[in-house]
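Proteins get letters first, then strands, A, B, ... in listed order; numbering begins at 1 in each. Atom set for the values below is all heavy atoms of this structure, side chains included, hydrogens, waters and symmetry mates excluded.
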Amino acid sequence: MAAAGALVADLGRSDLHALYRTMVMVRTSEERLEILQKQGHLHGGLYRSLGQEAGPVGAAYALRPSADGKGDVLAMTVRATGACFVFGFTPLELFRQYLGRATGLTRGKEANLHCVDYARGFIGPNSPLGTMVQVMAGVTLAFRMRGEDRVGISFYGDGATSTGAWHEGITFASGQRCPLIVMVEANQWAFSTRTERFTRVKSFADKGIGYGISGESVDGNDPVAVYEVVARAAGRARAGEGTQLIELRTFRRLGHAQHDAMEYMDKAELAEWEAKDPIVRFRQRLLDEGWSDAGELDAIDREVYDRVAADAEQAMAEPLPAPAAALDGVYTDHVQRAPWTRRTPVDPRG
Amino acid sequence: MAAAGALVADLGRSDLHALYRTMVMVRTSEERLEILQKQGHLHGGLYRSLGQEAGPVGAAYALRPSADGKGDVLAMTVRATGACFVFGFTPLELFRQYLGRATGLTRGKEANLHCVDYARGFIGPNSPLGTMVQVMAGVTLAFRMRGEDRVGISFYGDGATSTGAWHEGITFASGQRCPLIVMVEANQWAFSTRTERFTRVKSFADKGIGYGISGESVDGNDPVAVYEVVARAAGRARAGEGTQLIELRTFRRLGHAQHDAMEYMDKAELAEWEAKDPIVRFRQRLLDEGWSDAGELDAIDREVYDRVAADAEQAMAEPLPAPAAALDGVYTDHVQRAPWTRRTPVDPRG
Amino acid sequence: MSTTAAGADTAAGTSTRSPRPEQVTKTARREPVTFLEAISEALFEEMERDDRVFILGEDVGVYGGAFKVTKGFRDWFGEMRVIDTPISESGFTGAAAGAAHMGFRPVVEMQFMDFISPAYDVITNYLANSLYRGSGPMPVVIRGPVGAGNRGGPFHSQNIEMAFFHTPGLKIVYPSTAYDAKGLLKAAIRDDNPVLFEEHKGLYRAPALRELLPVEDYVVPLGKLRVVREGTDVTVVTYGGMVHKCAEAAERLAENGVSLEVLDLRTLLPLDDEAIAGSVRRTGKLLIVHEDTRTGGIAGEIAMRVNELAFEWLDAPILRVTALDATIPYAGPLEDYFLPGTDDVVAAARYLSSY
Amino acid sequence: MSTTAAGADTAAGTSTRSPRPEQVTKTARREPVTFLEAISEALFEEMERDDRVFILGEDVGVYGGAFKVTKGFRDWFGEMRVIDTPISESGFTGAAAGAAHMGFRPVVEMQFMDFISPAYDVITNYLANSLYRGSGPMPVVIRGPVGAGNRGGPFHSQNIEMAFFHTPGLKIVYPSTAYDAKGLLKAAIRDDNPVLFEEHKGLYRAPALRELLPVEDYVVPLGKLRVVREGTDVTVVTYGGMVHKCAEAAERLAENGVSLEVLDLRTLLPLDDEAIAGSVRRTGKLLIVHEDTRTGGIAGEIAMRVNELAFEWLDAPILRVTALDATIPYAGPLEDYFLPGTDDVVAAARYLSSY
Ligand SMILES: Cc1ncc(C[n+]2csc(CCOP(=O)(O)OP(=O)(O)O)c2C)c(N)n1
Ligand SMILES: Cc1ncc(C[n+]2csc(CCOP(=O)(O)OP(=O)(O)O)c2C)c(N)n1
Ligand SMILES: [Mg+2]
Ligand SMILES: [Mg+2]
């Protein structure tokens, strides 16, 4: 995606605007979701990525998404909406997911970022943490088997590194030299549990050593720094050097989910990280370095705001799935009948 | 267990003899098991530790077993028979286990080293690899909860480090600073799969870094070197420094189990490791350093041989369990009835 | 060791200790408790009674658990008895087994029971068969929220009984009232076998389930079902959240002269088959109702047992009302359709009563 | 793509290639094959037919698998299509799912099916519900040895069907003959749903099961049972290793004038309930026989289905013969007692026939 006329790293003006715009789109979309939730339209949990928008956006921007099923592949989490937007996911699709709309990628059967589009190359997770590292090991094994020049990237939080699934996934991937970039969003919390309460590792980059692979750590609130580190890692992976591990140093500034009152959070520390807000900081840098001006950025903010509002409105107007749609999609070759107690006449047979 | 009059490390003459004797007991017992198997008395698999006897023996000797349920606790594997012998397990008990005798620790319900004695402090594993690291995390957590001065030690092969269970166990233990020593018997094989085919880690000691704990590597064919490293690790664990990881560098010189024809094995490499046989080498050292003489060592060999032969004979003479013993031991408070088709008269009720 | 419900004062602790968590003092203050508070009380009282009991799980300490069941416990009992674990269901369940080997009686919380699945191996291949393998008793309770109806989608709505029902050595408990929840959980903690304890999250704070509990220590024995309502026409065997829907169905049908006998299993494993058969011998008809998915649900085992024990008394086929055979879907219309409801129970019972 | 059994020559490969593994050429050479060789042939032929099919598992490559099912495959197909994995059942099963997302059709070998349990989470919560969650079809086969009778003890003897039977989206196959093993495995590999494929290790090399197979490519469709023997007095539903014991029992009882109809399920999920009910409508009596443990065994679901479909035709209780409710013990006398035998089938069928 890198353009000519580079201003920083190999990023040009339009790249920098794209990074900014995508981060703003994440925040604006999630704020809209909060409004929808307060209005009572959401029923499942709502997970925000406030303060963590830079990492997924910068990382995904360093890859090669495509719409034809031949680009790089991303496995995101609920906190990596930004990466998904880079891969072509839209706020409209996001709202459909949270609102359980029949028009959504999962047609209401699953929620939020748990959705897939193989053409655009993003694969949403299931809930049990760690699983997608295993799945992405297989996705990138497929690239190797076909000799394709593609890489995969998998996002999880620091808490998820404790899972056996994460371990077996990265063990398999690194052993097979799969072209997979394993991202650890080190936001210093697993729900209410502080990192140092569940591990003695100081930097999750160190985990790379335990698998005999490269491990790096980067300021997760700086989209350009993340971009650079991931671009290099992707280069190595494409060059056949196998699995790469990258820690994004960041902080979760809201509750685990919206229902978490966050009483365990230290207010001073929170304030510290508010001061490192990735969007505010990046905007300031764009201005300071003369890469943009306030008018342009304000225009982006407004354009995104309007787009997000329109998308939310459209999603709201779309239908919920028909109840009996719950019956199909269990097997590719068979649809179960409606429950016997709901047929007329009732009939317990088959 | 260390005695005064130290000759090497803090080990005196009787210690060195004990190390030698225990290694010989392992080999002699396993050779006896092979004979029993050839005679058709064994039915399940037979797993040998030929060439790996030094590590478990040296390691266990560095700990404080006891017979009153208050000593250190060991979780062994089928290749760590020697550690178990240090903890008071006997060849007689070993034969009972392999022969499925009613007199065995598991009364025929389980086989081989899958047996337990909490009084003496050894806990045999189940088969799914990695489990015992988790269990030992809990055992040693219990020591911490009670403020006891005890440590635990857990043995697994290098292949087992790939399992999620191993990872979750050591993650839990290290995070909770449990006084647990995690041993990795790096015998360079997981069944037929060579270490470098499943991991890019060069030394399993490096895995310690990934958990933020100490990791060491030691010549697994030298009982004294192993003794020293484990003694220091146990000291650190007792001092509250938490979980310790130790790699034993060694080689599996026989098939995975007796039925494995080992066609995949490089003969030159095998010869190389035969030359490093831990018993032969240690015997030579005992003689070279003047810590023993051939007469003494021959006497040990004979004594062990006779003891093992007698134990095997005794175990052979002991009864198999009564068939209906299969019914009990499922719940502490309830025994199931015999199958309805085997009652007289047959009666399908309850 | 105190054997009555915890008082509102802090007498049992040192005077500088933080106060007893509010949600475990209601019974002592003669206030009715919710289903959730009943569980909190059971845990708290068992921990006070027996210092071998401790709790471990994700976010159970500082946060008090995702559903706040152990809120305030860490301050009262200290962080060594209320342990925040890494996200490692297998790891901390295995650790519970190890602590049990050393004489403790751990209570494991799964944040959602859906996440018990990474611990499937250690539960079935280590905890459940410990006694049989000669490794001794295994007094571990694994508890957590189950059940659908909250738009939780595929991974925050599961019922997990049938993943484990086929495992000899386990006990499985699934209460439906505050009284039972407290008494069964106490019995589970005192049991020497590993017990899975399922708590339907739809019952946790249901106002209709608030109940004044005895001040005295009590247990509800495992393995015994409860007769929710006596009746003569059809026996309805159910458990968990569906108990209340079946009771409602019975109420509605009573108005039409159809009399249901509603049985709440309470313990799924071991199954109280004699009591089920006894009821079937009176009514001649059996309907099994479970919120869990259909194929391979507990209805099958009940049908087999009734065939073995009371076939001759059957005047109609054994039938069942269950969820669909599908993953639990997220969107409201889908989830509502997926779940069995009172109407289904009514239709099925009507069909049977006029068979 | 070749659609007939692999010939003894190496024509399909390059001329420098190592020879076709001996155990996959017997059918082409018109020699009877064992149950194990039938499985090898199915795998080999599917891999030749469709280059999206590949194999992964512990020791499947260099060693050819613990039971040598894939012996020589690595030399023929190369190490990218026969992958030796780390000991990480969850990891490589998840990886199979990922490869399937990318268009491959992986076949996972579990060294012993007992070790599928660490993959319980990823199978039930990822593979099985992929389609339902909108993540597309999941053409993954997970196969491996199951079954007791070899003194394998608790962890090398398990039957795993009931751990997964309750999982919508999965198919479960458990063949009993060489012909079926080959045809069902081919059907499983061509199926777009995840399939668990259980291979009883007692059948692998059983001389009595050697069979001359068709040279032509064939599949045995999933979901259809096989009538092993027609009969009139009692329907016996069984599968896997017990098929042969039931056939033996039928033989013995025939001498006494008792006629058993023996049905081999072949596919456990989805269950061929209509065919079972059809048989019960003729015999009026049903015995279910499984090697797996009792409580929560498949007998229950079959009993429910027969109640739903054919209750009025039942002249006797539905009964079952199964293993004990216990962990599989190691010592000979214990394991023999634990397992159901021909005598048990005879006793049960006799009881039913004279009911
Ligand atoms: C196996 C498993 N156990 C428990 C959970 C419940 N859970 C969801 S998110 C979460 C915390 C995740 O922390 P982390 O991985 O650091 O991600 P973050 O929320 O900080 O982005 C937990 C415990 C789960 N999803 N999966
Ligand atoms: C979870 C699991 N998967 C597979 C197996 C089968 N298995 C038993 S031992 C073994 C190899 C073990 O290798 P390693 O851990 O290095 O121990 P070693 O045999 O070399 O001492 C395998 C694959 C198992 N026991 N557990
Ligand atoms: Mg986190
Ligand atoms: Mg090894």
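Residues from residues 347-355 of chain D that place a non-hydrogen atom less than 4.5 Å from a non-hydrogen atom of chain B comprise D/Ala347, D/Ala348, D/Tyr351, given in numerical order. Listed in order of number, the residues of residues 87-97 of chain D that approach chain B to under 4.5 Å between heavy atoms are D/Ile87, D/Ser88.
Summarising the geometry, atom CZ belonging to D/Phe155 is positioned 7.5 Å from atom NE2 belonging to B/His114; distances are rounded to the nearest 0.5 Å. Between the NZ atom of B/Lys109 and the CD1 atom of D/Ile328 there is a distance of 13.5 Å, given to the nearest 0.5 Å.
In terms of heavy-atom pairs under 4.5 angstrom with chain D, the leader among B/Thr199, B/Leu99, B/Val346, B/Leu42 is B/Val346. The candidate with the highest count of non-hydrogen atom pairs below 4.5 Å against chain B, out of D/Val62, D/Thr322, D/Leu324, D/Val321, is D/Leu324.
Residue B/Trp166: no heavy atom, backbone or side chain, is found under 4.5 Å from chain D. Only the side chain of B/Gln336 comes within less than 4.5 Å of a heavy atom in chain D; its backbone stays farther off. With a threshold of 4.5 angstrom between heavy atoms, B/Ala257 does not approach chain D through any atom at all.
The shortest distance between side-chain heavy atoms of D/Tyr63 and B/His256 does not fall below 4.5 Å.
Sorted by first and then second residue, the side chain to side chain donor-acceptor pair (under 3.5 Å) pairs involving residues 324-336 of chain D (not counting sequence neighbours) are D/Arg151-D/Glu335, D/Arg151-D/Asp336, D/Thr295-D/Asp325.
Scanning for salt bridge (Lys or Arg N to Asp or Glu O under 4.0 Å) contacts around B/Arg197 gives D/Glu79, with sequence neighbours left out.
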